[in-house]
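For clarity, every value in this text was computed on a predicted model and none was experimentally measured. All heavy atoms count here, side chains included; hydrogens, waters and symmetry mates do not.
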Amino acid sequence: MILADRLERLGTETAFDVLARAQKLKDAGQDIINLGIGQPDFATPETIVEAAVKALRDGHHGYTPANGILPLRQAVAADMAKRRNIEIDPERIVIVPGGKVTMYFAITMFGKAGAEIMYPDPGFPIYRSVIEFCGAKAVPIPLYEESGFSFSADEVLGKITDRTRLIIVNSPANPTGGVVPKAELDKLVAGLADHPEVAIMSDEIYARMVYDGVPHASLTAYPEIEDRLILLDGWSKTYAMTGWRLGWAVWPKDLAQIATRLAINIHSCVNAATQYAGIEALTGPQDPVDAMVKAFDQRRAVIVERLNALPDVRCQRPGGAFYAFPNIEGTGYKAGDLQERLLTETGVAVISGTSFGIQGEGYLRFSYANSVENIERAIDRIGDFLGRV
Ligand SMILES: Cc1ncc(COP(=O)(O)O)c(C=O)c1O
């Protein structure tokens, strides 16, 4: 068999490998604490599960429109009005099986040999993977620990060339938990006026998980880029629905049609019952979301304090999501080696910063979507490990 060359450029998401290895060790009887995987440890709220069961009982078993059922797109539009204060025509909304699909669609729409796409580094690994898969040049936007893992708008604007087609922004961010301050977004958008051909994809999948009373700064707040902004959001994190595979995007009108055509070519539609669950999630009680975010906030305080108390480790206080990204350079370990030894010798699964880009060396990603008790136990074990070597 002679496969297409582009497959050699396809990357992966190491969190899934670590999850599989951690599970194997667990199955073999080891006491594993998994701070590796990026998904809420809460169950999907009961009312949402019931809405899906009801949809199945009501006979919603067939294909739906490829861009999603209208009541779901209307519910998304209402949510956009409520939380982002913006009126969106439901025809610009495309429902997809997870936020990742929007990412893949957006990158493949712009990515080709000769094109440049900018992406955050350290960042969600799939951005770079798909950019390179398409044959485009992946241009990293460095995120700095000193500035809470935000980017510098001046640096982003300075990297734009006549080949730049798309800029990817992610706030709050995976893997750092960093939040880009509104002032930096203001500067970026102002500078983009000089580059009207450059599109922007704003990955706001963690928009509901911002702490310290800071309102989430969304790129949808800037009407001057509305005609070239792709908003990526979804249900996975906010409603603890990672396994349901449900996401939404708001596209510029013409691109919504292309996204829908891609959906028809690839998955036809999201499964119908899940779409009904999505309506209930957006329109039903939000207390479970508030409770979950409150729990994450409490765990954030614990993990940051405990990480900073470890020898030769320092950790910024992340402004959002459910990740901490401590600097472990002082321990003398390479991040990949420390990831490996922590898993095999202490039973704690975390992810090496190098899984998230060039800038990730010297860091580990901890997901604090786990109980305070487990976080405490994990860091006790890491403390023993670092103390003993
Ligand atoms: C920044 C970011 N964007 C998108 C996604 C994809 O989410 P989904 O599970 O909805 O595809 C993730 C998942 O980890 C993420 O961290």
Side-chain angles (χ1 to χ4, degrees), residues 3-19 36-38 96 98-145 149-152 155-161 163-178 180 188 198-206 219 230-232 234 236 247 249 262 321 323 325 334-336 339 350-365 367:
L3 297 175
D5 301 345
R6 63 177 177 277
L7 289 170
E8 286 164 22
R9 301 192 299 267
L10 192 62
T12 188
E13 194 182 344
T14 317
F16 281 95
D17 300 340
V18 174
L19 178 68
I37 191 74
V96 278
K100 258 184 184 168
V101 178
T102 297
M103 197 180 293
Y104 189 90
F105 283 6
I107 296 170
T108 50
M109 274 185 211
F110 293 96
K112 62 171 193 169
E116 292 179 5
I117 297 182
M118 292 167 67
Y119 70 101
D121 182 341
F124 191 55
I126 301 306
Y127 303 141
R128 179 172 167 195
S129 165
V130 181
I131 295 168
E132 293 183 340
F133 180 65
C134 296
K137 181 174 169 194
V139 179
I141 299 171
L143 304 183
Y144 300 107
E145 183 184 349
F149 294 105
S150 174
F151 56 71
S152 142
E155 189 172 3
V156 176
L157 293 165
K159 286 186 175 216
I160 296 177
T161 71
R163 295 174 298 283
T164 307
R165 297 289 174 267
L166 178 70
I167 297 176
I168 299 173
V169 175
N170 172 218
S171 177
N174 180 3
T176 61
V180 179
L188 177 69
V198 175
I200 307 105
M201 184 186 86
S202 187
D203 180 342
E204 300 183 9
I205 198 129
Y206 297 102
L219 276 171
I230 301 151
L231 171 76
L232 182 162
S236 299
L262 282 168
Y323 306 109
F325 204 62
K334 290 273 181 204
Q339 169 197 300
V350 294
I351 315 276
S352 163
T354 50
S355 297
F356 304 96
I358 310 153
Q359 301 260 129
E361 183 56 273
Y363 298 90
L364 290 178
R365 187 191 78 172
S367 160

Are Met118 and Ile160 close enough that some pair of their side-chain heavy atoms sits under 4.5 Å apart? yes
Which heavy atom of Ala335 sits nearest to which heavy atom of Gly353, and what is that distance? CB-N, 4.1 Å
Distance col, row Phe124:CZ vs Asn170:CG, nearest 0.5 angstrom, shows 9.0 Å
Arg6 side, atom CZ; Arg9 side, atom CZ - distance, nearest 0.5 Å: 8.0 Å
Is a side-chain N or O of Ser367 found less than 3.5 angstrom from the main chain of Ile37, in a donor-acceptor match? yes
When you look at Met109 and Leu166, which way does the side-chain contact (heavy atoms from CB on, under 4.5 Å) test go after all the steps? CA-CA 10 Å; Met109 274 185 211; Leu166 178 70; over 6 Å; no
Starting from the C-alpha separation in whole Å, work towards a yes-or-no answer on side-chain contact (heavy atoms from CB on, under 4.5 Å) for Glu13 and Leu19. CA-CA 10 Å; Glu13 194 182 344; Leu19 178 68; over 6 Å; no
Side-chain touch Pro120/Ile168, heavy atoms, less than 4.5 angstrom: yes
So, does Ser129 use its side chain to make a donor-acceptor pair with the main chain of Pro125 at under 3.5 Å? no
Please tell me if the side chains of Pro142 and Phe151 come closer than 4.5 Å, counting only heavy atoms from C-beta onward. no
Is any side-chain heavy atom of Thr354 less than 4.5 Å from a side-chain heavy atom of Gln339? no
Spacing of CD1 belonging to Ile117 relative to SG belonging to Cys134, to within rounding of 0.5 Å: 6.5 Å
So which atom in Asp17 and which in Thr12 form the shortest heavy-atom distance, rounded to 0.1 Å? OD2-CG2, 4.2 Å
Calculate, to the nearest 0.5 Å, the distance between atoms CD1 and CZ belonging to Ile131 and Arg165 respectively. 13.5 Å
Does the side chain of Gln359 come within less than 4.5 Å of Leu143's, by heavy atoms? no
Tyr323 ring center near Phe356 ring center (under 6.0 Å): no
Is there a side-chain contact (heavy atoms from CB on, under 4.5 Å) between Ile141 and Glu155 once you walk through the steps? CA-CA 8 Å; Ile141 299 171; Glu155 189 172 3; over 6 Å; no
Minimum-distance pair of heavy atoms, taken over all atoms of Pro172 and Ala321: CB-N, 3.7 Å
Check: Phe325 main-chain N/O paired with Glu145 side-chain donor or acceptor under 3.5 Å: no
Less than 4.5 Å apart, side chain to side chain, heavy atoms only: is that true for Val156 and Val169? no
Separation between CG of Leu364 and OG of Ser352, rounded to the nearest 0.5 Å: 6.5 Å
State, yes or no, whether a side-chain contact exists between Lys159 and Ile167 at a heavy-atom distance under 4.5 Å. no
Passing candidate, side chain to side chain contact (heavy atoms under 4.5 Å, CB included) with Thr102, options Ile107, Asp203, Val96, Ile205: Val96
If every non-hydrogen atom of Gly111 is compared with every non-hydrogen atom of Ala136, which pair is closest and at what distance? CA-CB, 3.9 Å
Working to the nearest 0.5 angstrom, can you tell me the gap between Ile126 CD1 and Met103 CE? 7.5 Å
Show, in sequence, the C-alpha distance, side-chain angles and deciding distance for Met201 and Tyr127, and conclude whether the side-chain contact (heavy atoms from CB on, under 4.5 Å) test is met. CA-CA 11 Å; Met201 184 186 86; Tyr127 303 141; 4.0 Å; yes
Side chain Arg365, main chain Ile351, donor-acceptor under 3.5 Å: no
Answer whether the closest heavy-atom distance between the side chains of Tyr363 and Pro122 falls below 4.5 Å. no
